[in-house]
Chemist: 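Sharing a structure here in structure tokens format.
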Amino acid sequence: MSETTISVVSSKALLVLFGACDQHLRKIRDALGVSISARDGRIHVEGDEQAVASATEVLEQLQAQANRHGVIAPDDVVRALAEVRLGRSYSATQPLEVYTGRQIRPRSPGQAKYVEAMRHSDLVFCTGPAGTGKTYLAVAMAVTSLKADRVRKIVLVRPAVEAGESLGFLPGDMQAKINPYLRPLLDALREMMEHEMIRRYTDEDLIEVIPLAYMRGRTLNEAFVILDEGQNTTVSQMKMFLTRMGHGSKIVVCGDTTQVDLPPQTRSGMIDGVARLRGIEGIGAVELARADIVRHPLVQAIVDAYERPRKKKRQ
């Protein structure tokens, strides 16, 4: 067993550090398996030597943030824990500035690698399980680029492939028909821009939301183009899409290669593209993992459960 202490300036500082109802304290204690208490203006940490060292580093990081900003959010605790566990920092990554005034930061080392890849490569493939922020961060980078005048428009693209069930005939015009397929992209966009701005930019063709089938024959200059659900493209569709890239454009292709909804024996254009184009200068490939899942905590458990081989029933 090992023990260490950390000085705290005031009871108010201790409240910020521990969080409302000790929520931050419980998160650190449960994650690292240590005992944490406060006495006489000092924090006492007990447990295994390595766990105590990790908990002390997390608490010191959070204390420094509290001194700078006066507040600690639950995400800050998750970020500090991940940094200490993995032995590397990703909080230094420059945040993405969107129209709503928010600063969007990567919340895992894998996400930081993804953001940096989008900054430095004109074409990026990003694969990973559900909940790793593939689409969300791509939209955030697109909005940031548009806001900074690095591109003239955003183009959001998705293949119209149904996830294992037929939706049948969809009423309405073309936009109404494709809206269900493009909803994840639109949901992300609405977190980063006001509704009125999205409507105005859509009317002015600064934001374009289209199905993959409508991309043939086009050339997109000075555009930030996102292909979501890229695993559901065929090889020929992926080639068609990638060759739409014009001068000053960036393309991000994101998808989960464990959830391919193509017909049996049809090779995924994303899997093929990543293998075929790997190593070419200007093309980045990022693979996010279960550790990068930032959605509801149960999502990681669900992904793990589906990836474990099923036990055969006894006859």
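In what follows, residues are counted from 1 in the order of the sequence shown.
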Chemist: Do you see a donor-acceptor pair shorter than 3.5 Å between the side chains of Gln259 and Gln231?
Modeler: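 The answer is no; no qualifying pair exists.
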Chemist: side-chain contact (heavy atoms from CB on, under 4.5 Å) with Arg119: which residues, sequence neighbours excluded?
Modeler: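 For Arg119 the side-chain contact (heavy atoms from CB on, under 4.5 Å) partners, ignoring immediate neighbours, are Thr93, Gln94, Leu96, Val115, Glu116, Met141.
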Chemist: Please table the atom pairs, donor to acceptor, closer than 3.5 Å between any side-chain atom in residues 14-24 and protein atoms at least two apart or in another chain.
Modeler:
residue: His24; atom: NE2; partner: Ile72; partner atom: O; Å: 3.1

Chemist: Which residues pass the salt bridge (charged side-chain N to carboxylate O under 4.0 Å, His left out) test with Glu196, sequence neighbours left out?
Modeler: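 By the salt bridge (charged side-chain N to carboxylate O under 4.0 Å, His left out) rule, Glu196 matches Arg199.
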Chemist: Restricting to non-hydrogen atoms, name the atom on Ala51 and the atom on Leu32 that form the minimum distance, rounded to 0.1 Å.
Modeler: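 Minimum heavy-atom contact is CB-O, 3.4 Å.
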Chemist: What's the spacing between Leu242 CG and Leu227 CG if we round to 0.5 Å?
Modeler: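 Leu242 CG to Leu227 CG: 8.0 Å, rounded to 0.5 Å.
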Chemist: Does anything in residues 129-142 form a side chain to side chain donor-acceptor pair (under 3.5 Å)? List the pairs, not counting sequence neighbours.
Modeler: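 Listed once each, the pairs are Arg102-Tyr136, Thr135-Asp228, Tyr136-Glu191.
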Chemist: Is the number of heavy atoms from other residues, nucleotides or ligands under 6.0 Å of Arg200 CZ greater than 12?
Modeler: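 Enclosed.
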Chemist: Applying salt bridge (charged side-chain N to carboxylate O under 4.0 Å, His left out), name anything that partners Lys27, two or more places apart in sequence or on another chain.
Modeler: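 For Lys27 there are no salt bridge (charged side-chain N to carboxylate O under 4.0 Å, His left out) partners, ignoring immediate neighbours.
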Chemist: Going from OG1 on Thr4 to CD on Glu60, what distance comes out if it is rounded to the nearest 0.5 angstrom?
Modeler: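 Those atoms lie 7.5 Å apart.
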Chemist: List for me each residue that meets side-chain contact (heavy atoms from CB on, under 4.5 Å) alongside Thr266, sequence neighbours excluded, and say none if there are none.
Modeler: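 By the side-chain contact (heavy atoms from CB on, under 4.5 Å) rule, Thr266 matches Thr234, Leu262, Pro263.
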Chemist: Could you give the distance from CZ (Arg158) to CG (Leu185), rounded to the nearest 0.5 Å?
Modeler: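 Taking CZ in Arg158 and CG in Leu185, the distance rounds to 6.5 Å.
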Chemist: Looking at Glu208 and Arg218, is any side-chain nitrogen of the basic one under 4.0 Å from a carboxylate oxygen of the acidic one?
Modeler: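 Between Glu208 and Arg218 there is a salt bridge, with a charged N closer than 4.0 Å to a carboxylate O.
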Chemist: Rounded to the nearest 0.5 Å, what's the gap from OG on Ser145 to CD1 on Ile154? Could you check?
Modeler: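 Atom-to-atom, Ser145:OG and Ile154:CD1 are 8.0 Å apart.
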Chemist: In terms of heavy-atom contacts, does CZ of Arg276 have more than 12 from other residues, nucleotides or ligands at under 6.0 Å?
Modeler: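 Counting neighbours around CZ of Arg276, 12 or fewer heavy atoms of other residues, nucleotides or ligands fall under 6.0 Å, so no.
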Chemist: In terms of heavy-atom contacts, does NZ of Lys113 have more than 12 from other residues, nucleotides or ligands at under 6.0 Å?
Modeler: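 No, because the 6.0 Å sphere around NZ of Lys113 holds 12 heavy atoms or fewer from other groups.
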